[in-house]
Structures are given as C-alpha cells and as structure tokens.
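Computed over heavy atoms, backbone and side chain alike; hydrogens, waters and symmetry mates excluded. From a predicted model like this one, the values you see are computed outputs, not experimental measurements. Along the sequence shown, residues are numbered consecutively beginning with 1. For ligands, and for the atoms within them, numbers begin at 1 and follow the listed sequence.
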Amino acid sequence: MKFISTNGLAKAVDLQSALLAGLAPDSGLYLPEEMEALPQGTFDSCETLPQTARLLLNRFFVGDPLVMDLGEICDESLNLETPMVLIAKDTHVLELFHGPTAAFKDYGARFLANTLGRMRVPGSSARPLTILVATSGDTGSAVAAAFHRRPGFRVVILYPEAGVSKRQAHQLGCFGDNILTLRVPSGFDRCQALVKQAFADVALRDLVPLSSANSISLGRLLPQTTYYAFASLQHFRATAKPLSFIVPTGNLGNGVAALMARRMGLPIDRVLFATNHNRTVPEFIETGDYRARPSVRTLANAMDVGDPSNVARLRFMMAEDPTLRGAVAAVSVDDETIRARIHEGETKYQRIFCPHTACAVEVLERERRAGSDAALCVVATAHPAKFEEVVEPVAGHVVAPPPSLRDMLARPSMSEPLEPDYASLKERLLRL
Ligand SMILES: *Cc1c(COP(=O)(O)O)cnc(C)c1O
C-alpha cells in the first residue's frame, strides 16, 4: 500500500519511505491511502493481540518486502499482556501499562524498533543509525527499552530536567550501552526545538545518520490501532455490542489510532478524547477552529501539549468521513478534578489511576451522569506508580511499582547535562 500526506502536495510513498521519513516533504503527516472496512469474519480465528495485529496491519505491508516479516514483528513487539478489566456494569478499563516501561508507548516503540531493525537501509555496527528523541517523560524510556543493545542502532534522549517525575528520570538513565541520556535545564518545547534543528542540519546528518521516533511516526501509529481492534472484538464477541473508548490524549497519537481502528470496521462506537488543562483539542472539536497555544504544565505531564501534531491526521480523516464528527468528542480536565478522580477511584472502583487515566475517568463519570448506558472503556495509558509524586499524596499510601519498573529503579541511573543550545547538542552528537 501507498501512504499519502495530509497536506496533499507530496506524492504518495511506499511503506518503508513513510516509516523513515517522519514528516512528508510538504510538511504533512503520512496516512494510509485506504482504510476501508475489512470483511466480516476477518478476525474470527484471532485469540491474541499479535494474531489480531497481523491481520489488521497486513494490508499496509502488502507490496513491501517487510510483509514477510510482519508476523514476527507482531509476535516480538505486541506480546504484552493487554487485559480489559470490568470495573462496573458495562464499564471497562483497558490496561496498556504491562510493557517494560509501564506506559502504552511500549507498544509503538517496540513495533518501530522491530520494523526498522528488519529494514535494509538503517545502520550497521560501523555506522549505527542514531534515534534522536526529545521526551516529556514516557517516550524516551519506551524507545530506549525497545532499542537497547540492538545492533546497528543507538539512541540519544533529551529530556527537560525539571519536567519529569523522579521515577521517569531514573528510568530514562538506567539503560547505558547504546543509550545516551541528556538532561536539559529547559522545558520540553526547547528539547523538541533542539532535536528539530539537528534533523534540519544536513552536514551533521552526513556524519551522523539520524532517525526519529516521535509521536508522528507511522511506525508507532500503526501498532497503536491493534489494541483497539483486539479489545473491541473481545467485547463484541461477548455482548454483540460495539464499545466506545475514552482515550487520554495529548499529541493525539493514541486518539487518532482509535479512529483508524474504527474506520477499518472494528466494532467501535464513539471515541472520546480526554485532555488535561491544555484545551486545544476540545476547543477544536467544539468550534472547528484550530488555535495552537503554548502548553501549560499539569499533573498529567505526558499530555502537556498545546499544538498537537496529530491534529493534521484528525482533520484529514474528518474531511474524508463527515460522519466522524458525530462519533468524536473531547473534554478538558483540570488538575483538581484529576486529584478528585484518583482519590475517588480507590473507593468507587478499588483502583488507583495514573493522572492521565484519571482524565478519562472524569469523562466516564460525565457520560454516566448525562444518562449514558453505553458500553464504555477507559484506556489506562500508564501504571500509577510511574507518577508516585502525584498519586501517593492523594491516595495516602505507597503505590508499589510493577516488577519491570522495580527492576529498572534498582539499576544505577546515569545522565549527562546538556546546555540548551544547538552548538552543544551538535558537538555531543559528533563525539558519539
Ligand atoms: C504519551 C502519553 C499520553 C498521550 O499520548 P498521545 O499519543 O499524545 O495521545 C497519555 N498518557 C500517557 C501516560 C502517556 O505517556
């Protein structure tokens, strides 16, 4: 299959070009040229997430040599426990935090690493490909875990020193080997700008081959459609009813993935986006006007985005399918309400939610108060123990980390300081 740019000016490209490119030459984002519904019964024999993923993603890989590897890529990347737990009548939580770094970004990062690792173009041990990422917390560790000790690759992470939780910082620095972690005394926006400047530096890229792994990457977006497919099919088999998802979202990567799964004919009814106090997306959905603004810091820090890049994909899909508007809504949730939902979750559902998931829980409560008796599924994007500084004071007790996170926290952690200017980053990359 070919992939087209949301700006409509660049020509359609094949899968591998779209995976490597990040942005299209016309500054648009790549989307599959076709996402028609799959025939009824396609998934009848599927029992696991990797099996479902193979069938769902096959069409995108047809015509590319990678199609031969798709089964293995799915088996090696998506073999993560992905339980959907019933917490009240017709109310579910889809737990996407059982991967190595305890956040849903593991799905995308592992798939991307396994895909790039099978392509001919990328690096060799003599001249490794450098994956350069700016992270607001969770992307960096997921990408590091996915590429750790993978021959032909190295990862350089930039993170805002004061913008991540203590455990996130520890996790970012605990890999070593082919992973270099740089802490920057600035905000996330500055880290992101430095990374962009490196990608625009042709002379540097001649000497240090670079690739990105940010949230616009098609190699992260495609696998994120698979857990929506898997969960909605499971629900449909049990109840013969479609399922609606409530997705905590910032850059809209996870939100757009849910819409893509819906577009491909999976039994998904509505998709509700839950954002934190950054309200660009709810405002856009409500008024149709897109107004980017500087991001504000909130308790749900992985969603502190004021100008979400994946809006380009949302607009494109809405223009193509006018019925989509009726199936999508978005709600902004403030910090006080995040705390209240975490607090209440313990008694009401016997669960501790991470601050991002708590935004989705607020949307759930509003739907129920408005009288909805639809089947609703809250998407849990991270384990609460990753955000202990927020969650523990509200809960009033310690939240134990899951085993993989505990292991990472037990390892030593190392990061280097980096001045927030481009000359320093360039000098460090040339010294790799
Ligand atoms: C990254 C992240 C999000 C937001 O994901 P998007 O792809 O930007 O929608 C939500 N929750 C957690 C825990 C995250 O790490």
What do you reckon, does [X] have a nitrogen or oxygen under 3.5 Å from a nitrogen or oxygen of ligand 1?
| X | result |
| --- | --- |
| Asn254 | yes |
| His356 | no |
| Ser215 | no |
| Gly253 | yes |
| Gly250 | yes |

Give me the residue, atom name and distance of the protein heavy atom closest to [atom].
| atom | result |
| --- | --- |
| atom 8 (O) of ligand 1 | Asn251 N, 2.7 Å |
| atom 5 (O) of ligand 1 | Phe104 CZ, 3.4 Å |
| atom 2 (C) of ligand 1 | Lys105 NZ, 2.4 Å |
| atom 12 (C) of ligand 1 | Thr381 OG1, 3.4 Å |

Indicate the atoms forming the closest heavy-atom contact of Ala146 with Ala109, along with that distance.
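That would be CB-O, 3.4 Å.
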Closest heavy-atom contact between Leu86 and Ala88?
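For Leu86 versus Ala88, the nearest heavy atoms are CD1-O, 3.3 Å.
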Region of Val305 that comes within reach of ligand 1 [heavy atoms, distance under 4.0 Å]
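Neither; no heavy atom under 4.0 Å.
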Residue part near ligand 1, for Lys386, under 4.0 Å between non-hydrogen atoms
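The answer is neither; Lys386 stays 4.0 Å or more away.
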Hey, which atoms in ligand 1 end up nearer than 4.0 Å to a heavy atom of Ala382?
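Those of ligand 1 that fall under 4.0 Å from Ala382 are 13 (C).
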Which of the atoms in ligand 1, numbered in the order shown and given with their element, are less than 4.0 Å from a heavy-atom of Thr249?
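Listed by number with element: 6 (P), 9 (O).
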Classify the ring geometry of Tyr228 against Phe245: parallel below 30°, tilted from 30° to 60°, perpendicular beyond 60°.
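It falls in the perpendicular class, over 60°.
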Do we see a donor-acceptor contact under 3.5 Å between the side chains of Arg341 and Thr357?
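Side chains of Arg341 and Thr357: no pair found under 3.5 Å.
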Provide the full list of side chain to side chain donor-acceptor pair (under 3.5 Å) pairs with a residue in residues 218-227, sequence neighbours left out, each pair given once.
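Pairs touching residues 218-227 that pass the test: Tyr227-Asn254.
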Flag the pair Arg291 and Glu283 as a salt bridge only when some basic side-chain nitrogen lies within less than 4.0 angstrom of an acidic carboxylate oxygen.
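Yes, Arg291 and Glu283 are salt-bridged.
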Salt-bridge criterion met for Asp177 and Arg149 (N-O under 4.0 Å)
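Yes.
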Only one of Val184, Thr135, Thr181, Val133 forms a side chain to side chain contact (heavy atoms under 4.5 Å, CB included) with Leu158, so which one is it?
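With Leu158 as partner, Val184, Thr135, Thr181, Val133 yield a single side chain to side chain contact (heavy atoms under 4.5 Å, CB included), made by Val184.
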Side chains of Asp64 and Gln16 in contact at under 4.5 Å (non-hydrogen atoms):
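Yes. Closest side-chain heavy atoms under 4.5 Å.
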